[in-house]
Amino acid sequence: MSSNTDVRLTSGQRLARGLRYSVVGPADLTRGAVGVGVSSALSSASWLGRKLRKEDVVPEPRRRKPLLWIAVGAVVLAGGAAAFSIVRRSTRPEPSSLPPSVEVAPKP
């Protein structure tokens, strides 16, 4: 019998598995989303570092892009809200389909 604990998942695989298994998925979903976000941030930092090194040769005026930052903030907040609602929903007990074991309205 082989063990699946030796296999390391990438962030994208963990995210996909978390979405697939909605019962046990919140932990995997959170770890996958964080991993994808961290790898994206590292990639962006690397790109920015290369761009800044190139700008040392030819200085260009820097323009700020407030709409881009607003969009990034909105995506981060939406992702956090989705993760929170998934985790919250998974911790709620499901209502029982069995009838109550005691009388709901006691007789006087």
Side-chain angles (χ1 to χ4, degrees):
M1 209 155 92
S2 65
S3 173
N4 289 338
T5 58
D6 297 334
V7 178
R8 303 273 304 177
L9 298 175
T10 65
S11 296
Q13 289 171 332
R14 191 173 288 120
L15 180 63
R17 189 174 82 175
L19 290 172
R20 196 171 344 134
Y21 300 112
S22 61
V23 175
V24 294
D28 282 338
L29 181 64
T30 304
R31 287 181 62 195
V34 168
V36 169
V38 168
S39 65
S40 174
L42 290 175
S43 174
S44 297
S46 173
W47 173 81
L48 184 61
R50 286 193 306 270
K51 184 166 175 60
L52 290 176
R53 281 192 294 275
K54 287 181 182 178
E55 284 185 1
D56 288 342
V57 178
V58 181
E60 295 178 7
R62 292 185 181 176
R63 291 179 284 154
R64 296 185 182 204
K65 298 181 180 178
L67 290 178
L68 176 65
W69 290 111
I70 291 171
V72 168
V75 168
V76 168
L77 286 175
F84 177 78
S85 67
I86 289 171
V87 169
R88 176 115 170 138
R89 192 177 317 135
S90 68
T91 59
R92 289 186 187 158
E94 293 185 14
S96 175
S97 61
L98 299 174
S101 59
V102 295
E103 291 184 37
V104 178
K107 297 178 183 176

Item to check | Which atom of Arg8 lies closest to which atom of Gln13, heavy atoms considered | outcome: O-OE1, 4.3 Å
Checklist entry - Does Ser44 have any side chain to side chain donor-acceptor pair (under 3.5 Å) partners at least two apart in sequence or in another chain, and if so, which? => result none
Next on the checklist: With a 3.5 Å distance limit and no angle check, can you tell me whether Ser39 reaches the backbone of Gly35 through a side-chain donor-acceptor pair?
Outcome noted: yes
Next on the checklist: Checking one residue: Val38. Which other hydrophobic residues are in its cluster under the side-chain 4.5 Å linking rule?
Outcome noted: Val34, Leu42
Item to check | Between OG on residue Ser11 and CZ on residue Arg14, distance to nearest 0.5 Å | outcome: 6.0 Å
Checklist entry - Quick one: side chain to side chain contact (heavy atoms under 4.5 Å, CB included) partners of Val75, sequence neighbours excluded? => result none
